[in-house]
Amino acid sequence: MLCDVCKCNDAAVFLTQIVDGKMQKVNLCEGCSKEKGVQDPTGFALADLLLGIGAAEEIEKGGSSTRCPVCGFTQADFKKTGRLGCSSCYVAFAEGLNSLLKAMHKGTAHVGKLPTRAQKTLALSDRMKTLTENLRKAVQEENYERSNSWRVN
Amino acid sequence: MKFQNLMASTGEWLRGEGPHHQVVVSSRVRLARNLRNRAFPGWAKKAERTMILELIKPRVEELPEMQEPFSELLQDLSALEKQVLVERHLISREHAAKSVGSAIIMNRKQTLSVMVNEEDHLRMQSIRSGLQLRQAFKLVDKVDSALEGKLDFAYDAKLGYLTACPTNVGTGMRASAMLHLPGLVLSELINQVIQAVNKIGLAVRGLYGEGTEAMGNLFQISNQTTLGEKEDEIISRLNKVIETIIEKEQDARQVLIQKKPNTLWDQIGRAYGLLTYAHAMTSKEALNLLSVVKLGIDLGAFPEDKRLAIDQLFIETQPAHLQKSTQQKLNAEERDHFRAQIIRERLKSFPKPDISKVAREPEPTGNSEPEKNE
Ligand SMILES: [Zn+2]
Ligand SMILES: [Zn+2]
């Protein structure tokens, strides 16, 4: 059996973990298991590993030519490392990431801590985003009446 | 603060005074944070990493929690010193592999450590003895709130804190506890417990090694998910599960005392004998034997005031600590010899196990099968 990460060497480490009732399996060669920190359980999560392997295929759904406009990161890079390039990558690869996050986490939206700085600016920018988006849609649909009402808003 | 001073003093978490310290060795909470629109450390070029480091490091050092900190650039620490920090759980193994463009800043009490440019720009960690996840969270949360006023953290209204790895997105929080579970291992119930806990979305694994192979009977339990749940809820869920595991462990110990006393005293006696008289000991053997003696202290077979000596040996017999204290590089054979020597010296005044002092509780009422926490 070949290693799931490098797909070159024979797998020597076999991992199974049950997360939310779903069985996840990963087979690794000696080298990759060391590199991925499997020997060091403090720094190791199977989800991380799976992410680096299965996730890359998920993210490809977003179109293989996508490149993050801020940091230049591509899907090929994600496939290699299992990590993203910068915070804007979450926007650039949003489509592929969504289903991935859904499978990986309890929910799809953050409900925890809110930075105080963000509390104000985010509320504003969110409202702006919604309005602009509504306006764009209305214009696209040539729904002038509605688009006017959005403008007034 | 110098590295020597750090070596000389043990962190608060190692003094084992926290709640439930018989079973819960330590509690840790770490938060991952990143600067907006800056390449994550794994993707940033050396120059950008260094620039980010210079932006973050002074902000961390000026925190009131960081008076006279231990603050070092990773390239200024030797491989051995980094390894010592890993053995003390003050930095991650991943961080120890870093060099130019990364740093570690920690407070004198070794309860708060901040890694700059690990996998994320900032990894803030608080570690406490016993079951104190809430207290640990309170400290990192305070530090995070102080830093967010000075640094522009990457935060998204929908996804929360954005991290290099999507497994950490949302709260960016990983809460974990290190558990000492010799009772569950000796009564072969540990795998059932691990499976039950994994089913509810928490991870349990051997601190060194997997499942029943876990060395020193030490296990780490932590949250797997970070998105869709409040920090508070994650910690409550963990606390509840940990409290159940503590109960199971105590039940298992009582069952052993009542049903298999000879096996138990044999294990404790052998551990005592080997630790006091052996002249060569691997790290694995030392961890396993120390674990049994620690159990002996919990049960009353050894006096309570010997606890610290044993707890410290768990850390001090690790390879990097051994080499740091001898000031020389040792091969495996020399390490095993030196490890046995240190243990013998520490246990010189250690009394023989006295099983007449073992506290027997009434027959446990709960059944010893692990329940599913659903
Ligand atoms: Zn491999
Ligand atoms: Zn990017």
Side-chain angles (χ1 to χ4, degrees), chain A residues 13 15-21 37-48 50-52 55 59 68 70-73 77-78 81-91 93-94 97-98 100-102 104-118 122-123 125-126 129, chain B residues 31 34-40 42-44 86 89 92-94 119 141 144-145 148-149 152-167 169-171 173-174 176 195 198-201 203 205-210 214 220 222 224-234:
Chain A
V13 180
L15 299 161
T16 310
Q17 190 170 301
I18 296 159
V19 180
D20 282 328
V38 177
Q39 254 79 344
D40 167 33
T42 53
F44 155 71
L46 192 53
D48 286 81
L50 289 164
L51 184 80
I59 219 168
C68 172
V70 173
C71 74
F73 203 77
D77 296 315
F78 184 73
T81 63
R83 305 289 183 269
L84 292 164
C86 78
S87 53
S88 286
C89 288
Y90 279 91
V91 180
F93 305 113
L97 273 172
N98 275 342
L100 186 69
L101 291 172
K102 207 166 156 185
M104 194 180 282
H105 291 285
K106 280 224 143 181
T108 51
H110 177 59
V111 291
K113 184 172 182 175
L114 224 76
T116 36
R117 190 190 289 190
L122 280 176
S125 80
D126 260 13
K129 243 189 249 165
Chain B
L31 295 178
N34 288 283
L35 302 185
R36 191 180 301 279
N37 289 346
R38 298 271 184 214
F40 295 137
W43 183 240
V86 172
H89 309 286
S92 62
R93 209 163 283 265
E94 192 171 16
E119 179 181 300
D141 183 46
D144 173 55
S145 296
E148 79 175 29
D152 186 18
F153 286 156
Y155 180 89
D156 177 81
K158 183 171 180 253
L159 293 178
Y161 294 96
L162 303 175
T163 50
C165 184
T167 49
V169 82
T171 60
M173 184 184 84
R174 190 79 61 203
S176 64
Q195 276 169 22
N198 281 343
K199 263 191 202 143
I200 53 170
R205 42 183 176 259
L207 188 62
Y208 318 94
E210 289 285 323
Q220 179 167 280
S222 63
Q224 284 274 63
T225 57
T226 51
L227 186 63
E229 213 179 354
K230 286 184 182 146
E231 290 84 353
D232 209 42
E233 293 166 348
I234 295 173

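Protein chains get the first letters and strands the later ones, always in sequence-line order, with residue 1 at the start of each.
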Quiz prompt | Under 4.5 Å from any heavy atom of chain A - which part of B:Asn37 | solution = both
Exercise. Return yes if some donor-acceptor pair links the side-chain N/O of B:Trp43 with the main-chain N/O of A:Leu84 below 3.5 Å, else return no.
Key: no
Quiz prompt | Which of B:Gly170, B:Ser176, B:Gly42, B:Ala154 touches chain A most, by non-hydrogen pairs under 4.5 Å | solution = B:Gly170
Quiz prompt | Structural part of B:Asp152 lying under 4.5 Å from a heavy atom of chain A | solution = both
Self-check item: Proximity breakdown for B:Ser222 and chain A, heavy-atom pairs closer than 4.5 Å
Solution: neither
Quiz prompt | Candidate pair B:Glu231 and A:Lys113, rule salt bridge (Lys or Arg N to Asp or Glu O under 4.0 Å), full reasoning | solution = CA-CA 7 Å; B:Glu231 290 84 353; A:Lys113 184 172 182 175; over 6 Å; no
Practice problem: Mind ranking A:Cys68, A:Cys89, A:Cys86, A:Cys71 by heavy-atom pairs under 4.5 Å with chain B and telling me who comes out on top? | Solution: A:Cys86
Practice problem: State, to 0.1 Å, how close B:Leu227 and A:Ala109 come at their nearest heavy-atom pair, and which atoms those are. | Solution: CD1-C, 3.7 Å
Quiz item: Side chain, backbone, both or neither: which part of B:Leu35 has an atom under 4.5 Å from a heavy atom of chain A?
Solution: backbone
Quiz prompt | Heavy-atom proximity to chain A below 4.5 Å, by part of B:Thr163 | solution = both
Quiz item: Measuring heavy-atom distances to chain B, does A:Val111 have an atom under 4.5 Å in its side chain, in its backbone, in both, or in neither?
Solution: both
Exercise. Kindly indicate, with the supporting measurements, whether the criterion side-chain contact (heavy atoms from CB on, under 4.5 Å) is fulfilled by B:Glu148 and A:Thr116.
Key: CA-CA 8 Å; B:Glu148 79 175 29; A:Thr116 36; 2.5 Å; yes
Practice problem: For side-chain contact (heavy atoms from CB on, under 4.5 Å), just list the numbers for A:Met104 and B:Thr225, CA-CA rounded to whole Å, side-chain angles, deciding distance to a tenth of an Å, and then say yes or no. | Solution: CA-CA 7 Å; A:Met104 194 180 282; B:Thr225 57; over 6 Å; no
Exercise. List the steps, then state whether side-chain contact (heavy atoms from CB on, under 4.5 Å) holds for B:Leu159 with A:Leu101.
Key: CA-CA 10 Å; B:Leu159 293 178; A:Leu101 291 172; 3.7 Å; yes
Self-check item: Test item: A:His105 side-chain N/O and B:Thr226 main-chain N/O as donor-acceptor pair under 3.5 Å
Solution: yes
Quiz item: When rounded to the nearest 0.5 angstrom, what is the spacing between CD in B:Glu229 and NE2 in A:His110?
Solution: 12.0 Å
Exercise. Write down the atom of B:Phe40, the atom of A:Ser87, and the distance for their closest heavy-atom approach.
Key: CZ-N, 3.4 Å
Quiz prompt | Minimum-distance pair of heavy atoms, taken over all atoms of A:Gly82 and B:Cys165 | solution = O-SG, 4.1 Å
